[in-house]
There are 2 protein chains.
Amino acid sequence: MMEHASLRAVPFTDVTINDAFWSGRLQANIEQTIPYQYEQCKTTGRVDALKLEWKPGDEPVPHIFWDSDIAKWIEAASYTLATKPDAQLEALLDEVIALLASAQQPDGYLNTHFTVVEPGKRWTNLRDAHELYCAGHLIEAAVAHYQATGKRSLLDVICRYCDHIAQTFGPNPGQKRGYCGHEEIELALVKLYHVTGERRYLDLSAYFINERGQQPHYFDLELKERLKQGEKDRLAEFHRTVGYEYNQSHKPVREQVHVVGHAVRAMYLYSAMADLAWELQDDTLKQACERLWADLCEKKLYITGGIGPSGHNEGFTRAYDLPNETAYAETCAAIGLVFWAHRMLHLDCDRRYADVMERALYNGVISGVSLDGRKFFYENPLASNGQVHRQDWFECACCPPNVARLLASFGNYIYSQREEEAVIHLFVQGSATLDLGTQKLSLKQQTRYPWDGEVRIQVDPEQSARFRVRVRQPGWCRKATVRVNGEPVQPASERGYLILEREWSQGDVIELTLHMPVERVYAHPQVREDRGRVALQRGPLVYCLEEVDNSSDLDALLVPQTADFTQTYVQDLASGAVALSFEAQRLEADGPSLYRTERPRTSMVQVRAVPYCLWDNRSPGEMLVWLREA
Amino acid sequence: MMEHASLRAVPFTDVTINDAFWSGRLQANIEQTIPYQYEQCKTTGRVDALKLEWKPGDEPVPHIFWDSDIAKWIEAASYTLATKPDAQLEALLDEVIALLASAQQPDGYLNTHFTVVEPGKRWTNLRDAHELYCAGHLIEAAVAHYQATGKRSLLDVICRYCDHIAQTFGPNPGQKRGYCGHEEIELALVKLYHVTGERRYLDLSAYFINERGQQPHYFDLELKERLKQGEKDRLAEFHRTVGYEYNQSHKPVREQVHVVGHAVRAMYLYSAMADLAWELQDDTLKQACERLWADLCEKKLYITGGIGPSGHNEGFTRAYDLPNETAYAETCAAIGLVFWAHRMLHLDCDRRYADVMERALYNGVISGVSLDGRKFFYENPLASNGQVHRQDWFECACCPPNVARLLASFGNYIYSQREEEAVIHLFVQGSATLDLGTQKLSLKQQTRYPWDGEVRIQVDPEQSARFRVRVRQPGWCRKATVRVNGEPVQPASERGYLILEREWSQGDVIELTLHMPVERVYAHPQVREDRGRVALQRGPLVYCLEEVDNSSDLDALLVPQTADFTQTYVQDLASGAVALSFEAQRLEADGPSLYRTERPRTSMVQVRAVPYCLWDNRSPGEMLVWLREA
């Protein structure tokens, strides 16, 4: 058990990226998305709300989750500072942080909405009001800002707030036995524990996790109290339909078997559970995570790494319910899945976690933002009638800054390290410095992945030494060949990772060839919406058809079982991408008869498929991932 | 033009039926449905409401369409009296008619709801209040009762009411230029004209039809007036979404090209337009009907003869929008389609009208009632997840009595007649007496249709004479052979009818063999929900799979392109029916992988298909018409 709990991610601050696929995205994130999002926070009133000048009747009314938008922006901006100093941005951060500090109440409490809009209602509606959720994002922001700048300006504010929270919540007399309806603070407190070394933050996280779903149910008790105070339960009808599954408080967490409810909440909860399993060597939490993981991956995961098919609860429904055109598949949920998968990977270095992490990153996460970094999807359907397009911003603006903070810290996901072992999860051109315990190791990847499967890894230890390099052979890759210093080797494989253990010296080179043909992928037959359909995948990338390449009514195209796919690197997609071409049948509307005894005729047409993550960056139109098979 | 406007239906009173398919249905209708529906009208307060004793605060409140339920029951009961005297039923009719007569106001007005619930609101909301609609059903009831019994008790009451209506509505000063939001009275007035010979009833019908959709729009004017009176427009939001297309008043009727809106309303309107085209030899109305017919049959007709896919407007949406599981396909709408098709058939004796009439009668109409005559579908979907079942009754109970009156007068649809010509539209065992102008003709059909395609027609004129017998070769039948008195003949065919013109003598026999293989039917490729799917049809019957025969998850079955269908007459379906057996592939849920590169495996299973009209008469479960094709 817990054999790998010693594995740690190599932080993005020790990683540089210079990659054909990612660098454009990361640059757009820094140059466009992050400044643009500050402007959005400013013009929509989110920044000025921190001045606490709002009076009843003023518009707009500071919303319960506005603080979290600011926090995610601070977090994203801080990550960019950590790798790319920018005095102007740092000054802007100082300014916003000063505003945040000024909004803190004498007792440490810090929440715009409940300070000005609903004073006196603090902590009275944990189920719906996102108070601890906002606190969680403020914690992540504070940790990021401190790590990037060394400044304690926000960290100290937030520690005071957390101390207030730790006083307020807990099992002791006078404390509330509550926890948040929207998980987030639990994983944030683990980060705060890491930078401060203060065990009480870890304990508070564990308290929230352990208390969740216990009886008597806290949300019942607080609702009763609110009703007693004469309040109305505005969301009664909604909660009646979604139950406590909505916020994963239907059972104590160790008894949960099925992923349920709001998908982002679920991912943040499971991430915290995995964190605590690692920190506390808690096998019961790890096992709960493994059960939930299997349920997700075997029954509720879109091929794009999107999760949560339903808009009603922004989350999960029943097993195999994966509609395409109406897929909610919120960008934040796919990001949350990356967070969870990354943590699971550090409990067990098993490629099933890295495979899902990669699937989400290369498809359903990155689809959430346009190539120029200025437009966003909240929902990421797998089919569109042409009416679905990225937007500038959202009333509920959780996704754009979530993408921003993920991209700004993307380096986190590539490598891991532990005593005498370097692990390579993702193939991204660039370099990294790893800590092998005994010495530093420099790794340098050269690759055009995912456009091809050739990866050259230069291994540069400070001194020659024996250690392991563990390289993932992706689940999609059926055949990989490895050379070390030009010599073919046949490495052992452990849970999908190739084990290269030897005496390594400066300048040693691993050459990895991942065979990357176009694969026809079929869904489990219980996925009704995908029956008779096939998806195209090459390497980690799921492909789709777009109207701009194939004219309208994409669903009239049938992929022959013998289709021959031509892979071409083209310049007209993004900054270059591999497109797939093949001949398909197109159903012909021959004659007016509504019903006929002849099978509909088809004609052969040339079809072009493009990576799903690139869709809706050219002329607007239809899109389709799951193609009919002839 | 109008060449066939001399053709008239042979009334059901001149037809006797003794048929394997229909007689059980007709008997259940007389013995179960009609008495049962009276009980329902009684226990739900519909009968007693006629006493006008309702006072504010009483429950239930007489609904605006209650009178129409009573009227349709009277109509159905009268039809049965016409063919099967029943003193007890006749007495019950007298009793209900006396109540109706007692509810008539001194000025002739007759409407329960507006007399007791909303006095003073007469004719103020033609758009929504169904007043003229109820009047229309009362007219049809009065005509039926008079024709069945010779009694004028209801007819006189209704003529007084119609005279009041004719005074109220019209183009003259002091008259309202209105018409009903729910068409019905227009076709009813044509019937009243026929039995009374009073031209003013025909003129009133034509007035309503011609006024419909003219500007300034009457429903705008009356709404303005209601709002001026301080009333609220409770249905404003609904009407905003559906527009005047909902009640086909968006344009003058002669300018209408697309079937739109509430499907029952549309059918009743088009039926009246066809009636007036016939009566007035009005080519402009006929052409409008033909345009609307083409739009319906080429783009908006379910294979079952069901129409109107959407529950929102109980009606039509866009072309080729024919979802199966959510098909609304109201029973009343399919009945309305029979009414319209039957009228079109008398404008042009073209089998395309009879084909649709037959399709609806043998599938989407008769599916509306259980074999025992005591349970009813309001909606007739073409696929069910197992949760759809017939019900005892409905709050809005239009469908059950509509089925009842159709079945009670089913004989109307089999034959037509004109000078020196007998026309056979449907193949139903029994006999009929036709009026050829010069003499009476007796026809006698012997057949097990639709279980097989052998039809023996004995032709018995009073005296030997030359005349035409026109026999429909159904559109589904690609090969028909004909013998007369044992000798093969090769008759000419006109618009799908075989023309048998010769000197006919008593005892002459036509033997018709309609080849009736199982047909694989495909929908137009624009019908997205049916792509990759096939329906099975044999003769006029559309088949479906039921869970009781094939276990659950019917949509996991794939019909091989080479499937060989075995037709077997079985005793365990209804009172005997032809079932189809064939080998199909069933998708197998092999292994837990949600995504895989192997095409899902299938195993061969034996499948049984049964006539759609018989579904949900055995164990409840799933049902599917459009089957996946391998």
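Just so we're on the same page: letters track the sequence lines, and every chain starts at 1.
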Highest number of heavy-atom pairs under 4.5 Å with chain B: which of Leu587(A), Thr597(A), Asp530(A)?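 The answer is Thr597(A).
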
Atom of [X], atom of [Y] and distance for their closest heavy-atom approach:
X: Ser384(B); Y: Trp615(B); result: CB-CH2, 3.8 Å
X: Arg596(B); Y: Pro525(A); result: NH1-CD, 4.1 Å
X: Tyr302(A); Y: Ile307(A); result: CD1-N, 4.2 Å

Test your reading of the model: is there a side-chain donor-acceptor pair from [X] to the backbone of [Y], 3.5 Å cut-off?
X: Asn550(A); Y: Val607(A); result: no
X: Arg531(B); Y: Arg628(A); result: no
X: His524(A); Y: Gln526(A); result: yes

Just wondering, are more than 12 heavy atoms of other shown residues or ligands nearer than 6.0 Å to CZ in Arg599(A)?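 Correct, the count exceeds 12.
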
Can you tell which of [options] has the highest number of heavy-atom pairs within less than 4.5 Å of chain A?
options: Gly532(B), Ala630(B), Ala556(B); value: Ala556(B)
options: Gly591(B), Ala589(B), Ala535(B); value: Ala589(B)
options: Glu598(B), Gln561(B), Glu629(B); value: Gln561(B)

One pair to check against salt bridge (Lys or Arg N to Asp or Glu O under 4.0 Å): Arg528(B) and Asp555(A). What are the steps and the verdict? CA-CA 8 Å; Arg528(B) 294 199 169 201; Asp555(A) 210 36; 5.0 Å; no

For Arg478(B), run the side chain to side chain donor-acceptor pair (under 3.5 Å) check against Gln473(B), His515(B), Glu519(B) and tell me which one passes.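 It is Glu519(B); the other options fail the test.
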
Take Gln537(A) and Tyr595(B) through the test side-chain hydrogen bond (donor to acceptor under 3.5 Å, both in side chains) and record every step on the way to the result. CA-CA 11 Å; Gln537(A) 187 172 333; Tyr595(B) 301 108; over 6 Å; no

Does anything in residues 320-330 of chain A reach chain B? List residues with heavy atoms under 4.5 Å apart, or say none.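 So the qualifying residues are Tyr320(A), Leu322(A).
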
Within residues 356-367 of chain A, which residues come under 4.5 Å of chain B, heavy atom to heavy atom?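 Expected list: none.
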
Side chain, backbone, both or neither: which part of Ser593(A) has a heavy atom under 4.5 Å from chain B?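 For Ser593(A), the contact with chain B is made by the backbone alone.
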
Checking heavy atoms, do the side chain of Val521(A), its backbone, both or neither come under 4.5 Å from chain B?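 Both backbone and side chain of Val521(A) come within 4.5 Å of chain B.
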
May I ask you to decide if the ring planes of Tyr353(B) and Trp293(B) are parallel, tilted or perpendicular, using 30° and 60° as cut-offs?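 Correct class here is perpendicular.
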
Within a strict 4.5 Å, meaning less than it, do heavy atoms of the Ser310(A) and Phe316(A) side chains meet?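 In short, these two side chains do not touch, never coming nearer than 4.5 Å.
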
